[in-house]
Number of protein chains: 2
Amino acid sequence: MLQDTHFPKPVVAVDLVIFTVIDTTLKVFLIQRDSAPFDGLPCLPGGFVRTGEEGEGVEEAAWRVLQQKTQLPLEALYLEQLYTFGALDRDPRDRVISVSYLALIRQDLARYIPQDYRFQGQWYDVDSILQSPSISLAFDHHTIISYGYSRIAGKLEYTPIAFSLVPHTFTVSELRAIHEAIKGTSYDPSNFRRRFKRQLEDGVIVVADGKRITGARPAKVYRFLPATTGRE
Amino acid sequence: MLQDTHFPKPVVAVDLVIFTVIDTTLKVFLIQRDSAPFDGLPCLPGGFVRTGEEGEGVEEAAWRVLQQKTQLPLEALYLEQLYTFGALDRDPRDRVISVSYLALIRQDLARYIPQDYRFQGQWYDVDSILQSPSISLAFDHHTIISYGYSRIAGKLEYTPIAFSLVPHTFTVSELRAIHEAIKGTSYDPSNFRRRFKRQLEDGVIVVADGKRITGARPAKVYRFLPATTGRE
DNA sequence: TCAATAGTGTCTTTCAGACAGTATATA
DNA sequence: TATATACTGTCTGAAAGACACTATTGA
């Protein structure tokens, strides 16, 4: 009905900024392009939103691409819409509007992502990527990653987003390492522990069974308690 | 090149959540639909993103629609992308993906918007809209307005977004009234003034000429100093 | 016993909320 | 002179940054 010639339609795609923390460093998952344009350059994993008979919602498309690339159970993954990039010239071939998403993978699961074949993707240092010139990435993907980084760094302060990067159970130090990897600074262990304890009192975190032997003295293990639906 | 049958394309639209404050109340600008579906129901002003020969960027489309509806100079308007809504069934006619935007109009300019003819749009109480059932608005526009409200209420605390709603010069009370209209609560005048003064010390606000006679004692007038490009 | 990490306690500053009180205009 | 609004000052408690200190393990 709306499908008349008055509105020639753009292509709509999703692009994923997938972050994880490996060895105390924030990483982003990128694919290597194997054709023009930007042949050989790294780019974000993405795909077109399916329409027509086998149509899907935009978020659905993002989940599908995420699942394709990671092969991990959806429960262990975090996904959130970032921003929609719709400049006229962002794809030299055709008009493509990209809805970008931020995805997080727990550090204990990140290594299970297949990355033997480099076109399948591999983990890059976010720091290096952001410092490199934007033309070292395909399309406007440098901008998108930069946007994704701002989002996670910002949300870190006032949301439980970091819990999507630690294993199911974790120690105070492990959580702190995540924060340090993202912000690129070191936190005072004592002050970090105090904030941690407040979350424990507030019921955001609960004590888990067992202890974790990391180096010297074994540490208490905790678990994140997802928002009980009673909250506003 | 990408335009082959593998990717039938959705329609891409922009929808605008235009807020202002009138008489200490937060208002949203809505149009009345005059055809099916949702005939007669209020809906957000919006339009399709132009593609093809006379194509435009998505943000460009948002500015265009904003200009069309308000007829106000762009410098006096604030526009920011909100969220992209892309559920399969959000438009009963066809597949439409909507990129929503938050727009703010200064309270002294809001009354210049043409609203004599009701299909041209009129101001609604945001509070009433949010409390009414979502089916009293066309499409998923209740959700979009709710999203827009959350955005502005959140950003109010830690960004200079409120300055886009006051006149070019303003008093402490006027700015406080904006905050109160958005949050729906009253602020302690003394404490609000303290935060205000800090922004004055930080150079975010500067003293303007003259005084404003509102009721009893005339108040000092201030002006917002937009971020100097020297900032990070 | 030493090194390393886990964990506790304290001092200081900053800032928000509550609220008492003073100043200056209009009616 | 009354009163409404503008504006100042103070008390309290929550929370962050800096940092000294104790505890418990493995090597």
Side-chain angles (χ1 to χ4, degrees), chain A residues 21 23-24 107 153-160 162 166-167 169-223, chain B residues 21 23-24 107 153-160 162 166-167 169-223:
Chain A
V21 171
D23 296 337
T24 73
Q107 58 183 162
K155 277 206 160 187
L156 195 64
E157 322 265 347
Y158 62 99
T159 70
V166 279
T169 62
F170 52 88
T171 68
V172 180
S173 299
E174 281 167 355
L175 190 68
R176 179 162 53 86
I178 295 290
H179 281 249
E180 290 176 338
I182 295 173
K183 299 295 263 191
T185 55
S186 61
Y187 287 74
D188 182 287
S190 172
N191 295 333
F192 188 88
R193 183 178 299 274
R194 182 173 45 197
R195 287 199 315 188
F196 191 97
K197 275 187 158 174
R198 243 194 302 276
Q199 292 187 291
L200 196 65
E201 287 161 14
D202 294 352
V204 178
I205 294 167
V206 291
V207 180
D209 289 335
K211 295 207 167 195
R212 186 149 307 166
I213 297 113
T214 49
R217 173 178 167 184
K220 275 188 189 160
V221 177
Y222 300 89
R223 191 160 49 80
Chain B
V21 171
D23 295 337
T24 73
Q107 57 182 162
K155 277 204 160 189
L156 194 64
E157 323 265 348
Y158 62 98
T159 70
V166 278
T169 62
F170 51 88
T171 67
V172 181
S173 299
E174 282 167 354
L175 190 69
R176 179 163 52 86
I178 295 290
H179 281 249
E180 290 177 337
I182 295 172
K183 299 296 260 193
T185 55
S186 62
Y187 285 75
D188 182 285
S190 172
N191 296 333
F192 188 88
R193 184 177 300 273
R194 183 173 44 199
R195 286 200 314 189
F196 190 97
K197 274 187 156 172
R198 244 194 302 275
Q199 291 188 291
L200 195 66
E201 287 161 15
D202 295 352
V204 178
I205 294 167
V206 291
V207 180
D209 290 335
K211 294 208 168 193
R212 184 149 307 165
I213 297 115
T214 49
R217 174 178 168 184
K220 275 187 188 161
V221 177
Y222 301 88
R223 190 160 51 79

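We name chains A, B, ... by the order of the sequence lines, and we start the count at 1 in each one.
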* To the nearest angstrom, how far is B/Arg193 atom CZ from C/dA16 atom P? -> 16 Å
* **Counterpart residues, side chain to side chain contact (heavy atoms under 4.5 Å, CB included), relative to B/Thr24 (two or more places apart)** => none
* **Length of the NZ-C1' vector between A/Lys197 and D/dA16, whole Å** => 16 Å
* Report the residues that fulfil side-chain hydrogen bond (donor to acceptor under 3.5 Å, both in side chains) with A/Glu180, sequence neighbours left out, ordered by chain and then residue number. => A/Arg176
* Given atom CZ of B/Phe192 and atom C1' of D/dT8, what is their separation to the nearest angstrom? -> 17 Å
* Using a 4.0 Å cut-off on protein heavy atoms (strictly under), produce a 5'-to-3' string for nucleotides 17-27 of chain D with B for base contact, S for backbone-only sugar-phosphate contact, and - for none. => BBB---BBBS-
* Asked: A/Arg193: what forms a salt bridge (Lys or Arg N to Asp or Glu O under 4.0 Å) with it, not counting sequence neighbours?
  -> none
* Atom NZ of B/Lys220 and atom P of D/dT8: how far apart are they, to the nearest Å? -> 7 Å
* Structure fact -> Those residues at least two apart in sequence (or on a different chain) that pass side chain to side chain contact (heavy atoms under 4.5 Å, CB included) with A/Arg217 are none
* Give the rounded distance in Å between these two atoms: OH of B/Tyr158 and P of C/dA16. => 16 Å
* To do: Just jot down the salt bridge (Lys or Arg N to Asp or Glu O under 4.0 Å) partners of B/Lys155, sequence neighbours excluded, or say none.
  => B/Glu80
* Could you check how far CD of A/Glu180 sits from C1' of C/dT5, rounded to whole Å? => 14 Å
* Asked: Using a cut-off of 4.0 Å on non-hydrogen atoms, how would the nucleic acid contact of A/Ser173 be classed: base, sugar-phosphate, or nothing?
  -> sugar-phosphate
* Can you tell me how far C1' of D/dA16 sits from CD of A/Glu157, to the nearest Å? -> 12 Å
* Value in whole Å for how far the P atom of C/dT13 lies from CZ of B/Arg198 -> 16 Å
* Salt-bridge test for B/Lys183 and B/Glu157: reply yes if a basic N is under 4.0 Å from a carboxylate O, no otherwise. => yes
